Structures are given as structure tokens and as C-alpha cells.
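Bear in mind that the values here come from a model prediction, so they are computed numbers and not experimental data. Lettering follows sequence order; numbering is per chain, from 1.
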Amino acid sequence: MGAAGSKLEKALGDQFPEGERYFGLENFGNTCYCNSVLQALYFCVPFREQLLEYYGNNKTQGDADDNLLTCLAELFSQICSQKKKTGVIAPKRFVQRVKKQNELFRSYMHQDAHEFLNFLLNELVDILEKESNAAKASPETSSPSEKTANGPRSLQPNGVQKEPLVTWVHKNFQGILTNETRCLRCETVTARDETFLDLSLDIEQNSSITSCLRNFSSTETLNAEDKFFCDKCCSLQEAQKRMKIKKPPHILVIHLKRFKYIEQLGRYKKLSYRVVFPLELKLSNTVEDADSEYSLFAVVVHVGSGPNHGHYVSLVKSHNHWLFFDDENVEMIDESAVQTFFGSAQEYSSNTDHGYILFYESLK
Amino acid sequence: MSASNAQSPGLKTYFKTPEGRYKLQYEKTHPSGLLHYSHGKVVTQVTFAQLKDKPVPQPTPASSTLSSTSGVRLAAARLLGGGNGSRALSFVGGNGTSKTVSGNSRIGSLVGHGVSGSTNGPISSNYDGKGTYLIFNVGDTLFVSDFNSQDKDPIKAIHFSNSNPVCHAFDPEAKDGHDLVIGLSSGDVYSVSLRQQLQDLGKKLVGAQHYNKDGTLNNSRCTSIAWVPEGDGLFVVAHADGNLYIYEKNKDGTGDSSFPVIKDPTQYSVAHARSSKSNAISRWHICQGSINNISFSVDGMFLATVGRDGYLRVFDYSKEQLICGGKSYYGALLCCAWSPDSKYILTGGEEDLVQVWSMDDRKVVAWGEGHNSWVSGVAFDPFWSPPSSDNTGEGVMYRFGSVGQDTQLLLWDLVMDEIVVPLRRCPPGGSPTFSGGSPHAIWDNVSPVGTLQAAPSIRDVPKLSPVVAHRVHAEPLSGLIFTHESVLTVCREGHLKIWMRPGHAENQSSSGSETLLGGLKDKPILTNKVGSSSLRQ
């Protein structure tokens with residue numbers, strides 16, 4: 001490990017970014033789902049900085065309220081305050097906390113990195129909201145928003161809206177989708193907004209993220225069994241539905257739905273489709289023509305042919321260098337190596353390393 | 001290989017266009033056993049090469065060649081079409097819209113003059129060296145296939161022991177032996193005689209001249225290579241580090257071949273070799289990050305480059321001056337190609353769009369929307385003529401094609417009137433978000449020479465929809481070539497398909513090889529001598 005560390009230092013040479021630390025994370029038995037996500041979040045610089053700032057402001061309070069947020073903050077702080085530039089750290093306390101908090105992650109079975117990311121971000125939001133509420137000592141002692149393990153959280157539909165708290169986690173990851181439904185009888189358009197912390201996209205063989213995003217926002221007709229209840233017509237009607245991005249997030253997290261439930265098989269199957277993702281991206285499915293540009297800075301990669309086993313690694317861009325994190329190991333890679341994680345153009349390929357979660361940061 | 005078909009069920013062997021049906025005539029591939037470790041990492045590119053009937057064909061009076069073979073030559077030109085550089089202009093004569101094959105996209109689309117109809121089967125020792133060939137790289141090997149043969153397998157394989165061939169270009173106008181240049185992933189470059197390779201029975205490159213040996217000048221990957229049109233043996237090699245070098249073939253690079261350090265890597269700069277004995281003779285630093293593709297305008301006046309930074313750049317080649325250019329909507333640009341009249345440039349890239357760049361307006365004038373993944377090859381169809389003759393003056397129509405990593409071949413029509421008043425702003429099935437906008441925005445003042453345009457806003461660019469979209473391979477595609485009678489597509493893994501144009505495939509027999517060869521042997525073609533002298537020069 002030490003040797004690997006010095007090798008990375010040698011590779012970076014005098015280009016080693018000042019104050020930056022590149023540390024591998026020890027694996028405690030199938031915790032690569034956690035390690036790969038942690039590395040992506042650590043190199044999400046605005047998130048890291050705000051987390052460390054939070055840690056700086058709160059660490060004096062003592063260990064009384066040890067939670068996932070403080071454990072994560074402690075881990076990040078531990079990494080960035082290392083004397084050495086490279087090495088390995090054991091995220092022991094954090095992993096223990098995760099297992100304590102959620103029985104899903106308690107076993108040694110293979111876990112889903114996206115589920116973990118979703119759990120973690122929602123958990124952080126809940127903690128911050130609780131703290132904020134406690135600080136305000138407002139009459140409503142606790143109103144943690146309903147915890148949705150997977151998928152977007154809903155706001156109240158256009159009713160009297162309780163002003164939702166916007167934490168720094170929201171400021172980084174939260175975007176707003178608008179779900180437009182047009183009744184085909186009365187032509188009334190009903191728009192319902194939903195917030196999201198990541199976008200889960202259906203994928204197709206030999207397609208691009210741009211194409212998957214386009215499909216995500218394509219018009220869907222609700223008919224037959226699946227009609228829409230139009231408030232104006234007061235009945236079920238055929239309707240057209242479309243999802244658009246109303247407010248693009250600062251950090252755009254895209255989850256590729258590579259694990260698909262196949263009814264005939266009665267189980268999940270991994271889709272190894274080749275889905276190309278560009279290093280720069282613009283969202284065209286926005287309500288306004290945003291034309292705002294995103295830059296790819298991290299990729300969580302699933303390695304393996306099935307959903308119930310395999311491995312997770314991550315690719316991270318830091319100070320214009322790309323790095324490859326595989327638990328303890330950290331290596332420098334060329335930017336062009338990113339494209340080896342697109343997937344397989346044909347089924348039954350020997351290539352099993354597939355981009356699974358993409359992290360883009362807005363350049364604005 | 002049959003394997004390639006077995007892997008791709010549901011692929012149709014024809015596609016329909018307004019002008020008729022394109023039919024899969026034959027396929028070319030490489031031995032299926034070849035699964036080199038680097039297979040899949042190296043993207044196959046293909047070069048179209050037509051060898052003349054003599055090793056050193058000095059320009060001869062047309063009369064002296066009006067023997068029985070001249071008909072064959074003409075037939076070949078009719079079948080295979082086109083030409084490279086301005087010479088082809090005389091070939092097509094009065095037809096203003098279809099002039100020539102330019103060095104398009106990743107494919108050096110180069111056509112010579114003569115062809116033989118008798119190179120069916122493997123090369124033998126008494127090989128006469130005439131013919132039309134497809135040169136393509138797979139892994140560490142460069143393959144040569146006989147274009148006119150039905151045989152799927154290549155007739156020649158050249159192995160490279162220490163690096164992979166990644167780009168190549170053929171010069172049908174070569175004045176002496178060396179007509180093929182090859183760029184390697186190590187940065188090394190070779191020039192050879194294609195004929196000499198075909199005559200040799202070995203598996204190594206023979207009689208090669210070696211440039212940038214062991215990457216002494218530049219050790220980054222070669223990405224694109226092109227002969228300078230009318231350049232007297234000059235060729236240009238682009239590299240993954242944003243530099244391109246101009247070499248002179250047959251010149252020994254004995255002198256100091258180093259170039260001064262690039263002072264500002266963000267700026268375009270040209271350096272000439274310190275020593276007159278050096279080869280390369282100059283270095284152009286284009287951009288940061290890889291140059292992905294280069295293309296000369298047909299007249300050789302302009303050189304276009306596209307790269308990782310998403311910029312198209314157009315240079316005046318002889319003045320070494322940046323003329324214009326612009327940024328993609330987002331992401332890298334992967335390929336570029338000139339229109340036969342040098343007025344438009346197509347680019348394709350990671351935003352899934354085909355962009356049409358106008359040299360007159362110095363900006364993007366249209367976006368082709370239709371690919372579901374990155375666009376990896378673009379080319380104008382130089383043999384296309386509008387179906388009706390109503391189009392006069394401004395209403396010039398162009399046909400172009402694009403291929404993508406979505407495994408699709410798309411064909412597009414570009415009518416200039418449509419660009420002025422875009423009619424198809426909202427493609428069927430497309431998002432209505434794209435509608436609206438301000439058509440006048442594209443007629444802003446032309447930007448001054450040497451400035452690069454920022455990425456256009458989605459509202460400001462008229463959209464085109466494809467005329468045809470056809471899934472041609474099971475694998476992502478890497479290039480296409482238009483020939484007079486066909487469209488050739490190639491996928492990243494090194495499988496080639498040749499699609500005969502409507503009217504050419506239909507009235508011929510099912511065997512591609514027989515039709516071509518039979519056609520060449522048949523008498524009717526001998527009667528068609530019109531224009532044979534112009535064809536010669």
C-alpha cells in the first residue's frame with residue numbers, strides 16, 4: 001500500500017495538487033459499494049467543503065449526538081488532514097454507523113451503490129432538517145419529510161406549500177422536475193413539481209446519456225388501463241404526460257438503471273449495454289433553455305456480470321487529473337481510459353466494467 | 001465471417017430512401033480468430049484505395065491509353081466513382097453538385113484512376129498490382145481487402161509488432177512508389193507503397209520509410225492522417241496531444257528534428273523545423289487535448305480539425321492561419337468532412353448532433369438531430385444530384401450521411417432555402433422545446449477572421465431531420481465512404497458493409513462480386529467511352 005501510494009505520488013510528481021489528498025479506503029467485507037460512493041462524494045468539492053465547514057462549526061459539541069452526518073464529516077476531515085499525500089484509511093466508524101442505521105446494509109451481501117447513495121443523502125438531509133428545527137425550537141418539533149428510500153420526494157402539489165428547508169445538501173444535489181400532464185379532452189395542463197437528488201434513467205443498448213435524457217423527457221400517453229384523473233373533467237381521461245427539468249441541480253447525479261427486473265426470469269438481471277457519457281453535458285430537456293454546461297467529475301463503476309455479486313470502483317477527476325479508486329488502491333489514469341467503462345456493445349462480452357452512477361458538476 | 005451475422009439478428013439487408021432501395025451487396029471482415037488483447041481498444045478506420053495500372057504512371061496522352069483497357073478504366077470509375085482532389089472536378093464535368101470525394105471523416109476516401117477486374121482471390125506471386133482495395137486496421141494488424149471481390153476475407157494482413165496502426169491515408173496521385181501513410185498508437189508513422197505490400201508474401205511492412213521513430217518527435221497517439229492535396233508528397237499527422245506535424249515523404253529525417261517548446265499551450269502556434277534536414281518540417285500546435293480528426297478541403301486550400309475541446313477549427317493551409325471555427329453544443333467533436341464545393345463542413349460529436357458549418361457565414365447553420373449516440377463519421381455524398389432540376393441557383397441541395405455509435409447510418413438532405421427559413425424546426429417525435437427561436441439570429445454579422453465562435457444556443461440553430469435512419473451493424477459504427485455506386489459502412493470492430501445504391505443493385509445479379517467483375521468484363525461498358533480522357537487527368 002505504501003509503495004502504491006508513493007507510486008501515485010511519483011506519477012503526479014510536482015503536479016501534485018497543493019493540499020489535496022488521495023487516500024484509498026479499506027474494505028470491510030463487501031463494502032466497496034460504500035467506498036466507491038464515498039470517493040465520488042469526497043471529490044465533489046462543494047459538498048466536501050460544506051461538509052468540512054459544518055464539521056468545523058459543530059465538532060465542539062462533543063460526541064453526544066453521533067450520527068451519519070458527523071461520522072461522514074469526521075471521515076472527510078480525517079482524510080484531508082493527513083500528513084501524507086497518499087495512503088489508505090479505514091472508514092470504520094462510518095461503516096459501522098451505516099450498518100447500525102440501516103439493516104439493509106448490515107449483511108455482508110453485495111449492496112447497490114445507488115441505493116446507498118440515496119440512503120446517505122436522504123439521511124444527511126433529515127439530520128440537517130432536524131438540527132435546524134431543533135435550533136429554531138419552533139412549535140413543530142420535528143417534521144422530517146417522509147423518507148423515501150428510492151426515487152424523488154414529492155412536494156405538496158401546488159397547494160399551500162410549507163416552505164421547505166433548503167440545506168446545503170439540497171443546494172448541491174437538489175433539482176426540480178415538473179411533471180406536465182395534458183388532458184386530451186379539455187386540454188388543461190396540470191403541472192406537478194417534484195424535487196430530486198438524482199435522476200434514474202432507463203437505458204438502451206448502444207445509446208448515449210443525451211439520448212437517455214431525451215427518452216426520460218419524452219411524451220408518454222396515458223390511456224387504457226392507465227388513464228389520468230382530470231380535475232376539470234372530474235373523470236378519468238386520456239392524457240399526455242411529460243417530465244421536464246424545471247430547476248437543474250448544481251451537482252447532477254445520473255443513475256443508469258442497469259439492474260432490471262425481468263419478469264420471465266423472476267429476478268434482476270444486469271444490463272451491460274454500452275451507454276456513452278460525454279465529459280461535458282448540457283440538459284436540453286429543461287423548462288427554460290438553460291444551455292448550462294456540466295462537467296463530469298466522478299463515475300461509480302459496477303464490475304461484474306450479475307446484480308447480486310461483483311465489485312464497485314470509482315473514477316474521479318481532481319484538478320484535471322483522472323484517478324481510479326479501487327478500495328485501498330489509487331491509480332492515476334488517462335482521461336481517455338474513461339471510455340473503457342461505457343459498457344458492452346454486444347451481450348456476453350468479456351468486458352464487465354460499466355459506468356453506473358455519473359456525477360456532473362455545473363460549470364456556472 | 002458468418003459470425004458477424006449470427007451476432008446481429010434483425011439487421012435488414014436493405015434500406016429504403018426516397019430515390020429507391022439501398023441493398024447490402026457484400027461484406028468484408030477479418031479472420032474471426034483474431035482477438036488480440038488490444039482488440040476493441042483500437043477503433044477500425046477504413047481507407048479506399050485504387051491502384052493505377054502502372055507502378056509509375058506518368059501523365060500520358062489520353063490517346064495512348066485508348067486501348068481495350070480504357071473501357072475498363074472508365075467502367076471502374078463509373079462503378080467506383082469519384083476521385084480525389086481537384087482532378088475529380090474534371091471527371092464529373094458539368095454536374096455542379098456532385099464533384100468529388102473529399103477526405104472525409106475518419107476515412108481517407110481516395111480514389112485513383114485505373115482498376116482491374118481480375119483480382120479475385122488471394123494475391124499470387126505474379127500479382128499485377130492493379131485494383132481497388134479497402135485498407136482497414138484491427139488490433140495490431142492492417143488488413144487489405146479486394147473491393148471488387150466477393151470474398152469476405154482480406155487478401156493481405158500486415159502485423160505491427162510493437163504498436164497498433166490507428167489511421168491511414170492513400171494518395172492515388174502519388175508520383176512515385178509511396179502512396180500509403182500509416183499512423184500508429186505509439187506516434188510512429190510509416191509511408192509505403194501499397195503495391196509493394198500486395199506483392200510481398202510476408203506479414204510485415206516492406207520497403208517502409210519510418211517517421212517519428214519510437215516517438216522521438218512526439219510519443220502521443222496518432223489520431224488522423226491525411227495527404228496534402230496536390231502537396232507533392234506532403235502529409236499531415238495529427239496527434240492525441242493537440243499537435244499536428246507536416247512531413248515530406250522520402251525525405252530522410254537526419255537533421256535535428258526537435259521543435260521549440262510550446263510557450264502557451266492554450267494558443268495556436270506554428271513552428272518550423274530548426275534544421276532544413278529535419279522531417280517533420282513543421283509543427284502546428286492546435287489545441288489542448290486530442291485532435292480527433294482532420295480533413296482537407298477538396299482544393300487543398302483549407303484544413304479543418306476537430307478535437308477533444310469541442311472546437312472545429314479551419315485553417316488556411318498555405319498561410320498557416322486560423323480562419324474560423326466554433327464550439328460544439330457540448331462535448332468533444334469526433335469527425336469532420338468538407339462538402340465537394342468546399343463551402344460547408346460537417347462535424348459529428350459527443351452531443352449526438354451532426355453540425356453543418358458554413359464557410360460563408362463562419363458559423364453553424366444547421367443541426368442534424370437523429371442519432372441516439374455519438375456521431376463517429378460524417379461525409380457528403382459527392383455523387384448525389386437532386387431528384388428534380390427545379391433547384392436553380394440558391395436552392396442547391398446536398399446529400400450527406402452520418403454514422404454513429406448507435407449503430408445507425410443516417411442520410412440527410414440539405415436544401416439551402418430550408419436553412420434560411422427552416423421548415424423542419426420541430427422534428428417528428430422531437431421535443432416541442434426545440435421549436436420557436438429566432439431564425440434571424442443565424443444571420444448576424446460574420447465574425448472576423450481568426451475568431452472562434454462560442455457554442456450556439458439551442459434556439460438559434462435550425463434543425464434537420466434525417467431522410468433515412470438505418471441500423472446497419474450490430475456494433476457501434478466508426479465511418480462511412482460514398483462511392484459512385486455504393487455507400488460503405490464500417491464498425492469499430494472491423495466489419496465492413498457495402499450498400500449498393502438504388503438502380504445499381506436492382507438490375508444486377510445477387511452476387512456482388514459477379515456483378516462488378518462481370519460488369520467489367522461485359523461489352524456494354526466498353527461502349528461507354530465518354531469522358532475517358534478527362535478521367536485520365
Rounded to the nearest 0.5 Å, how far apart are CG of A/Leu279 and CG of B/Asp309?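 Answer rounded to 0.5 Å: 12.0 Å.
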Atom pair CD/CG of B/Gln288 and A/Asn320 - distance to nearest 0.5 Å: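 So the CD of B/Gln288 and the CG of A/Asn320 are separated by 9.0 Å.
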When A/Glu293, A/Arg274, A/Gln205 are compared by non-hydrogen pairs under 4.5 Å with chain B, the top option: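 Option with the top pair count is A/Arg274.
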Does the side chain of B/Glu351 reach to within under 4.5 Å of the side chain of A/Lys282, using non-hydrogen atoms?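 They are not in contact (no side-chain heavy atoms under 4.5 Å apart), so the answer is no.
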Is it true that the side chains of A/Ser284 and B/Tyr329 contain a donor and an acceptor less than 3.5 Å apart?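 A/Ser284 vs B/Tyr329: no donor-acceptor pair found between side chains.
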Need one label for A/Glu204: side chain, backbone, both or neither, based on atoms under 4.5 Å from any heavy atom in chain B.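 Interface part for A/Glu204: neither.
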Contacting moiety of A/Tyr273, where chain B heavy atoms sit under 4.5 Å: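 Nothing of A/Tyr273, per the 4.5 Å heavy-atom cut-off to chain B.
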Does NZ belonging to A/Lys246 count more than 12 external heavy atoms closer than 6.0 Å?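 For A/Lys246, atom NZ is not crowded (no more than 12 foreign heavy atoms under 6.0 Å).
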Check ion pair B/Arg308-A/Glu280 (N to O, under 4.0 angstrom):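 Yes.
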Verify, without hydrogens or angle tests, whether A/Ser207 (side chain) and B/Ser373 (backbone) share a donor-acceptor contact under 3.5 angstrom.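 Answer holds: no.
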Give the minimum heavy-atom separation between A/Asn206 and B/Gln405, together with the two atoms involved.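 Closest approach of A/Asn206 to B/Gln405, heavy atoms only: CB-O, 3.4 Å.
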Indicate the atoms forming the closest heavy-atom contact of A/Thr210 with B/Tyr330, along with that distance.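 Heavy-atom minimum between the residues: OG1-OH, 2.6 Å.
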B/Trp374 ring center within less than 6.0 Å of A/Phe277 ring center: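 Judged by ring-centre distance (under 6.0 Å), A/Phe277 and B/Trp374 do not meet the cut-off.
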Chain A contact via B/Asp352 - side chain, backbone, both or neither, heavy atoms under 4.5 Å: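 The answer is the side chain of B/Asp352.
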Please lay out, stage by stage, how B/Asn372 and A/Arg214 fare under the test side-chain contact (heavy atoms from CB on, under 4.5 Å). CA-CA 9 Å; B/Asn372 297 320; A/Arg214 200 187 306 126; 3.5 Å; yes
